[in-house]
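Heads up: the structure comes next, in structure tokens.
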Amino acid sequence: MLEDSGHQGQEEDQERLPARPAAVFDSAERAWAWWRGAPGSAPVAAAGGLVLYRDAATGELTVVNPLTGASRALPPPPSTAAGALQAVAMYGSPYRVVLILGELPDLSMASFDSTKDAWEGAVALTRKAGDGEASSRERVAEEGEGGGDDTVYFLSKSGDVVATTMQRSASRQYSSAVACRGSGGGDAVAYFLSHSGTVVACDLARRAFAELPRILPVYHEYSIDVVVCGGAAYAVVLSELLDTASLRVWEHAGGAWRQVAAMPPAMSHAFRGGKADVNCVGHGDRLMVCVSSGDAAARGCFMCDVGTNGWEELPRRAGGDGDAAAGFVAALSFEPRMEAAV
């Protein structure tokens, strides 16, 4: 299944069943296969033919070529890379790994260059001009005028209504999507979700960031993920209103979000009442949407062609337990390549 380097691979990690092997979807063969060579740690990023794993207990990062089984443990980040980890980004060929650290609005980044086998010292990220005032207003609205005593609840990436301080699933807690606009990934922007569900865009070359406006109000229950495909970044939002559910794809342009695709209502209606979580990954001009839920009727994997708004449901996975997965599903995309060096 992974023999043709031009084929797309979709890797999924099952957090609730750690002993379960990863499942790989070959978009050319349109079939699933089980990959039993995955390390025990959680996958957090991917680039080209490589997947990056992070050990939750130690924070150790390991780069793996899923096709050859070759792996490489990265050296520890520099001592200057202090602060809470917000996101992990991986991009380019040869690849770079970036850690985004701190708490909004005080963010910094540390970068690993695979060609030098070394980390660069942590540097502060500056807020883009014009972003501060709007972001401050949003935080005041979220925290309340009384100084943040009110608890804000939202639909988390694991599918539960929780407080803004809740951590996401271990397999997606530090996930990001990277859009590269230059050859070799020199002009890269990493997108990730803040603890309260806002989309943060980090320009890794200019070392600047911006908090993008919300698509839905903070008190509206929804599941959101960020994804890059075709060189553009999108937010995928699953929400419920009245007696139905909708799954829409949004693009941020000109300072505002605009809808560019939407799942047909006949398909998205199945997610109603399922407390479903949406998790996405892009490859080429298509994006893969994985919907997780405790309700068997409200879960599945779908492929979307953003340009044509074409949607199709992928075959249900079966194998390890003879049934489709019931737990949280996290997806990563890679191109199986023998020559991809760790």
Side-chain angles (χ1 to χ4, degrees), residues 44-45 54 81-91 96-111 122-143 152 154-157 162-169 172-181 185 187-218 220 222-229 231-237 249-258 278-282 330:
V44 292
R54 181 180 184 273
L85 181 61
Q86 288 284 338
V88 179
M90 185 180 187
Y91 64 97
R96 296 179 70 93
V97 174
V98 174
L99 307 181
I100 299 173
L101 308 155
E103 297 288 349
L104 291 168
D106 300 315
L107 297 178
S108 63
M109 60 174 274
S111 178
V123 295
L125 297 175
T126 59
R127 186 189 293 277
K128 288 187 177 180
D131 176 59
E133 182 180 352
S135 298
S136 297
R137 285 199 302 267
E138 272 203 350
R139 273 193 293 275
V140 169
E142 292 171 16
E143 297 173 0
V152 176
F154 67 101
L155 192 62
S156 74
K157 289 177 69 64
V162 294
T164 55
T165 55
M166 180 266 188
Q167 291 185 337
R168 295 193 292 270
S169 167
R172 296 295 293 178
Q173 183 177 352
Y174 306 116
S175 64
S176 67
V178 182
C180 296
R181 297 182 176 87
D187 191 5
V189 178
Y191 298 83
F192 67 93
L193 296 177
S194 71
H195 293 310
S196 63
T198 59
V199 178
V200 180
C202 289
D203 190 322
L204 303 180
R206 296 170 179 81
R207 299 172 179 176
F209 75 93
E211 289 181 84
L212 305 186
R214 288 187 177 276
I215 299 176
L216 295 176
V218 66
H220 192 104
Y222 60 94
S223 178
I224 181 173
D225 199 14
V226 287
V227 61
V228 169
C229 69
Y234 304 96
V236 180
V237 179
V249 182
W250 301 79
E251 182 181 16
H252 187 263
W257 292 99
R258 65 182 184 92
V278 62
N279 175 257
C280 310
V281 67

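Side chains are part of it too, since the values below use all heavy atoms of this structure and drop only hydrogens, waters and symmetry mates.
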Closest heavy-atom pair and its distance - [X], [Y]:
X: Ala82; Y: Ser108; answer: O-OG, 4.3 Å
X: Tyr191; Y: Ala201; answer: CE2-CB, 3.5 Å
X: Ala233; Y: Glu251; answer: O-CG, 3.9 Å
X: Ala190; Y: Ala89; answer: CB-CB, 4.2 Å
X: Gly255; Y: Pro213; answer: O-CG, 4.1 Å

- Scan for salt bridge (charged side-chain N to carboxylate O under 4.0 Å, His left out) pairs involving residues 188-204, sequence neighbours excluded, and state none if there are none.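 Checked against salt bridge (charged side-chain N to carboxylate O under 4.0 Å, His left out) - neighbours excluded - the pairs reaching residues 188-204 are Asp203-Arg206.
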Would you indicate whether the side-chain heavy atoms of [Y] and [X] approach each other to under 4.5 Å?
X: Ser194; Y: Leu104; value: yes
X: Arg54; Y: Leu85; value: yes
X: Val178; Y: Val189; value: no
X: Ile224; Y: Val199; value: yes
X: Leu99; Y: Tyr174; value: no
X: Arg214; Y: Thr198; value: yes

Quick one: [atom1] on [X] to [atom2] on [Y], what's the gap to the nearest 0.5 Å?
X: His195; Y: Gln173; atom1: NE2; atom2: CD; result: 8.0 Å
X: Leu193; Y: Gln86; atom1: CG; atom2: CD; result: 10.5 Å
X: Asp187; Y: Cys180; atom1: CG; atom2: SG; result: 8.5 Å

- Side-chain donor or acceptor of Ser176 paired with backbone N/O of Val88 under 3.5 Å: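 Pair found, side chain donor or acceptor close to backbone of Val88.
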- Message: Phe209 vs Arg127, test: side chain to side chain contact (heavy atoms under 4.5 Å, CB included). Steps then yes/no.
- Response: CA-CA 5 Å; Phe209 75 93; Arg127 186 189 293 277; 4.0 Å; yes
- Message: side chain to side chain contact (heavy atoms under 4.5 Å, CB included) for Leu204 and Cys202? Distances and angles first, verdict last.
- Response: CA-CA 6 Å; Leu204 303 180; Cys202 289; 4.2 Å; yes
- Cys280 and side-chain contact (heavy atoms from CB on, under 4.5 Å): which partner among Val249, Val228, Val227, Val226?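 Passing option: Val227.
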